[in-house]
Trainee: 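Take this structure, written in structure tokens, and hold onto it; I'll ask about it next.
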Amino acid sequence: MAQVRSPEDRWAWVEVDLGAVKRNVRSLKKCLGRGVKLMCAVKADAYGHGAVACTKAMFQAGADQFAVATVAEGVELREAGITWPILMLNECPIDSIDTLVAYDIMPSLYTFDFGLAYGERAAAAGKVGKYHLAIDSGMNRIGVLPVDVVDFRHGLDFHRGLECAGTFTHFATADEVDGWDFQLQANRFVEAVTAIHNAGMETGLVHCDNTPGMILHPRAQFDMCRAGIGLYGLHPADSTRGIIHLEPAMSVRGRVTRVVRPPVGAGVSYGMQYRVPKQGVQIATVPIGYADGLARVLSNNMDVIINGVRARQAGRICMDQFMVAVEPDGPRGYRPNRPVEVGDVVTVLGRDGDEEITADEMAKLRNTINYEVTCNFGMRLEKVYV
């Protein structure tokens, strides 16, 4: 492995390749039609990759706007000096509206009480509160029902403190190439947007395609697309693989803190669910645990890479540490290049030499999705940008 940078205070970190993030943005932009803008979702700390650093990298690569999930996420970007448009993908408590106004964060809007309160607070501050109207086209999560959208807008448009800067919906099955539910949602959204136009009202930027949508359903790109998981080099579904090249931006690494050769039969970790099967097995400790996003359900069921070779994780994963069994003649053909030493780099997620452990591999073992894998690793581990 090439020389790696690691934190001084803990031998465990998330490594984020900002060059890969930029290349992913450019690849996704090639999917867009002429004049279509790109909104990048950097919620959940950019899916665990670090929101501030990723937002700046994405803007440099051509992103137009950004999306967050909470008020605090938007404030973090503003306080980091980011001035580009930020949309919060839902409504927040009414008590937080003054913060939205002060930091120029656009909320999604879909209830009268919130909309009127937002307009009042914006006008009191001498501003116009921009918002994006959320339409529930069938996912049944947030939004105004299409049948109610014109009356909803009539109930708000009188207010001098409000401006509709966008109209959007979210697809539940955009990863299906010929899905009936997708077509039904798309038709409902188009009907709602058409009704708004026919009523003589502005829609602002119209957007609905997410990462799989912008790749598989270009006819639904409208004025803007909202990219999410693809920005970080991960595919949202098997249906997009082979259509677009994406580079995973996250690696998770640690350094070995202790190495021992226990006797045959010795147990490892809580419950001693792993016992040393033969002489010469090294048990190496790595300071990453389930509090860092390494799910406990992976115990005795995952690989790591040490010195370019896979090795089996051994024993229950602890809150802050896990152990690895390095056998001189390992299972499934694993053959260590040399004995493991304190300080050796262990790759939990990412590439080392010819071996790679992907978020999809880990997600399959956990019975979840790659989104959750990267978000979990972003909780506590320090981020190192390369």
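Position 1 is the first residue of the sequence, and the numbers go up from there.
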Trainee: Donor-acceptor pair, distance only, cut-off 3.5 Å: does the side chain of Asp64 make one with the backbone of Leu38?
Mentor: yes
Trainee: Go through the structure and list residues passing side-chain contact (heavy atoms from CB on, under 4.5 Å) with Asn24, not counting sequence neighbours.
Mentor: Leu246, Glu247
Trainee: Would you check if Asn367 and Lys364 make a side-chain contact, meaning some heavy-atom pair closer than 4.5 Å?
Mentor: no
Trainee: Quick test of your reading of the model: are Glu327 and Arg261 salt-bridged, counting only N-O distances below 4.0 Å?
Mentor: no
Trainee: Going by an N to O cut-off under 4.0 Å, is there a salt bridge joining Asp303 and Arg312?
Mentor: yes
Trainee: Cluster question for you: counting only ILVMFWY and a side-chain heavy-atom cut-off of under 4.5 Å, with indirect links fine, are Met58 and Leu87 together?
Mentor: no
Trainee: So which atom in Pro287 and which in Asp292 form the shortest heavy-atom distance, rounded to 0.1 Å?
Mentor: O-OD2, 4.2 Å
Trainee: Can you find a pair of side-chain heavy atoms, one from Val348 and one from Ile288, that are under 4.5 Å apart?
Mentor: yes
Trainee: Is the CD atom of Gln273 crowded by more than 12 outside heavy atoms at less than 6.0 Å?
Mentor: yes
Trainee: I need the minimum non-hydrogen distance between Cys318 and Met323, along with the two atoms involved.
Mentor: SG-CE, 4.3 Å
Trainee: Could you check whether the rings of Phe59 and Trp84 sit parallel, tilted or perpendicular, using 30° and 60° as the cut-offs?
Mentor: parallel
Trainee: Minimum heavy-atom separation for Val128 to Leu162, with atom names?
Mentor: CG1-C, 3.9 Å
Trainee: Are any side-chain N or O atoms of Lys29 and backbone N or O atoms of Gly62, one a donor and one an acceptor, separated by less than 3.5 Å?
Mentor: yes
Trainee: Using atom types as modelled and distance alone, determine if a side-chain donor or acceptor of Asp223 lies under 3.5 Å from a backbone N or O of Val206.
Mentor: yes
Trainee: So among His132, Glu202, Arg153, which one has a side-chain contact (heavy atoms from CB on, under 4.5 Å) with Cys164?
Mentor: Arg153
Trainee: Closer than 4.0 angstrom, basic N to acidic O: yes or no for Glu355 and Arg310?
Mentor: yes
Trainee: Tell me, please, which residues at least two apart from Gln183 pass side chain to side chain donor-acceptor pair (under 3.5 Å).
Mentor: none
Trainee: Kindly say whether Ala284 contributes a backbone atom to a donor-acceptor pair with the side chain of Arg258 at under 3.5 angstrom?
Mentor: no
Trainee: Without hydrogens or angle criteria, can the side chains of His170 and Arg226 be said to hold a donor-acceptor pair below 3.5 Å?
Mentor: yes
Trainee: For Arg241, which residues count as a side chain to side chain donor-acceptor pair (under 3.5 Å) partner, sequence neighbours excluded?
Mentor: Asp238, Asp360
Trainee: List in chain and number order the residues that pass side-chain contact (heavy atoms from CB on, under 4.5 Å) with Asp9, two or more places apart in sequence or in another chain; answer none if no residue qualifies.
Mentor: Pro7, Glu382
Trainee: Are Tyr47 and Asp45 side-chain neighbours, meaning at least one heavy-atom pair lies under 4.5 Å?
Mentor: no
Trainee: Who are the side chain to side chain donor-acceptor pair (under 3.5 Å) partners of Thr285, not counting sequence neighbours?
Mentor: none
Trainee: Is it the case that more than 12 heavy atoms not belonging to Arg338 sit under 6.0 Å from its CZ atom?
Mentor: yes
Trainee: Keeping Asp181 on the side-chain end and Thr173 on the backbone end, is there a donor-acceptor pair under 3.5 Å?
Mentor: no
Trainee: State, with a plain yes or no, whether a side-chain heavy atom of Thr257 is found less than 4.5 Å away from one of Trp11.
Mentor: yes
Trainee: Working note: Asn370 + Ile229, criterion side-chain contact (heavy atoms from CB on, under 4.5 Å); need CA distance, chi angles, decisive distance, verdict.
Mentor: CA-CA 9 Å; Asn370 51 23; Ile229 195 68; 4.0 Å; yes
Trainee: Measure the CD1-OG distance between Ile243 and Ser27 for me, rounded to the nearest 0.5 Å.
Mentor: 13.5 Å
Trainee: Is there a chain of hydrophobic side chains (I, L, V, M, F, W, Y, each step under 4.5 Å between heavy atoms) that links Val68 to Leu231?
Mentor: yes
Trainee: I want to check something: taking the side chain as every heavy atom from C-beta on, are Ile317 and Gln313 in contact at a cut-off of under 4.5 Å?
Mentor: yes
Trainee: Share the residues that join Leu145 in a hydrophobic cluster, the rule being Ile, Leu, Val, Met, Phe, Trp or Tyr side chains under 4.5 Å apart at the heavy-atom level.
Mentor: Val147
Trainee: Using a strict 4.0 Å threshold on nitrogen-to-oxygen distance, state whether Lys22 and Asp17 make a salt bridge.
Mentor: no
Trainee: Closest heavy-atom contact between Met88 and Ile105?
Mentor: CB-CG2, 4.3 Å
Trainee: Before you tell me yes or no, could you show the steps for Arg380 and Asp320 under salt bridge (charged side-chain N to carboxylate O under 4.0 Å, His left out), namely the whole-Å CA-CA distance, both residues' side-chain angles and the distance that decides it to 0.1 Å?
Mentor: CA-CA 10 Å; Arg380 186 172 77 167; Asp320 314 298; 2.8 Å; yes
Trainee: Mind checking side chain to side chain donor-acceptor pair (under 3.5 Å) for Ser108 and listing every partner two or more places apart, or none if nothing turns up?
Mentor: none
Trainee: How about Ser299 and Arg316: does a side-chain donor come under 3.5 Å of a side-chain acceptor?
Mentor: no
Trainee: For residues 114-126, dump all side-chain donor-acceptor pairs below 3.5 Å to protein atoms at least two apart in sequence or in another chain.
Mentor:
{"unit_1": "Tyr118", "atom_1": "OH", "unit_2": "Lys130", "atom_2": "N", "d": "3.4"}
{"unit_1": "Tyr118", "atom_1": "OH", "unit_2": "Lys130", "atom_2": "O", "d": "2.7"}
{"unit_1": "Glu120", "atom_1": "OE2", "unit_2": "His159", "atom_2": "NE2", "d": "2.6"}
{"unit_1": "Arg121", "atom_1": "NE", "unit_2": "Asp98", "atom_2": "OD1", "d": "2.7"}
{"unit_1": "Arg121", "atom_1": "NH2", "unit_2": "Asp98", "atom_2": "OD1", "d": "3.4"}

Trainee: Could you tell me if the ring centre of His49 sits under 6.0 Å from that of Tyr232?
Mentor: yes
Trainee: Not counting sequence neighbours, list each pair that qualifies as a ring-ring contact (aromatic ring centres under 6.0 Å, His included) and has a residue in residues 134-157.
Mentor: Phe112-Phe152
Trainee: If we count only N and O atoms by modelled type, under 3.5 Å, do the side chains of Arg366 and Asn376 hold a donor and an acceptor together?
Mentor: yes
Trainee: Do the non-hydrogen side-chain atoms of Asn307 and Pro336 ever get within less than 4.5 Å of each other?
Mentor: no
Trainee: Between Thr167 and Phe189, is any pair of side-chain heavy atoms under 4.5 Å apart?
Mentor: yes
Trainee: Taking all non-hydrogen atoms of both residues into account, name the closest pair between Asp113 and Ile94 and its distance.
Mentor: O-CD1, 4.1 Å
Trainee: Hey, does the side chain of Ser96 reach the backbone of Cys92 with a donor-acceptor pair shorter than 3.5 angstrom?
Mentor: no
Trainee: Which residues pass the side-chain contact (heavy atoms from CB on, under 4.5 Å) test with Ala192, sequence neighbours left out?
Mentor: Ile135, Pro146, Val149
Trainee: Hey, any chance Tyr110 and Leu100 share a hydrophobic cluster, counting ILVMFWY side chains that come within less than 4.5 Å of each other, even indirectly?
Mentor: yes
Trainee: Any side-chain heavy-atom pair from Phe377 and Glu372 closer than 4.5 angstrom?
Mentor: no
Trainee: Determine whether the side chains of Lys37 and Gln65 contain a donor N or O and an acceptor N or O closer than 3.5 Å.
Mentor: no
Trainee: Tell me if a side-chain donor or acceptor on Asn301 pairs with a main-chain N or O of Leu298 at a distance below 3.5 Å.
Mentor: no
Trainee: Please go through Phe182's hydrophobic cluster and name the other residues, only I, L, V, M, F, W, Y counting, with side-chain heavy atoms under 4.5 Å joining them.
Mentor: Phe171
Trainee: If hydrophobic clusters are built from ILVMFWY residues whose side chains come within less than 4.5 Å, do Val326 and Ile283 share one?
Mentor: no
Trainee: If every non-hydrogen atom of Pro248 is compared with every non-hydrogen atom of Ala20, which pair is closest and at what distance?
Mentor: O-CB, 4.2 Å
Trainee: Taking only residues two or more places apart in sequence or in another chain, which ones pass side-chain contact (heavy atoms from CB on, under 4.5 Å) with Ala172?
Mentor: Met139, Gln185
Trainee: If we ignore hydrogens and angles and just use 3.5 Å, is the side chain of Glu76 paired with the main-chain N or O of Ala72 as donor and acceptor?
Mentor: no
Trainee: Would a single hydrophobic cluster contain both Val346 and Val16, if residues Ile, Leu, Val, Met, Phe, Trp and Tyr are joined by side-chain heavy-atom contacts under 4.5 Å?
Mentor: yes
Trainee: Could you check whether atom CG of Asn198 has more than 12 heavy atoms from other residues, nucleotides or ligands sitting under 6.0 Å from it?
Mentor: yes
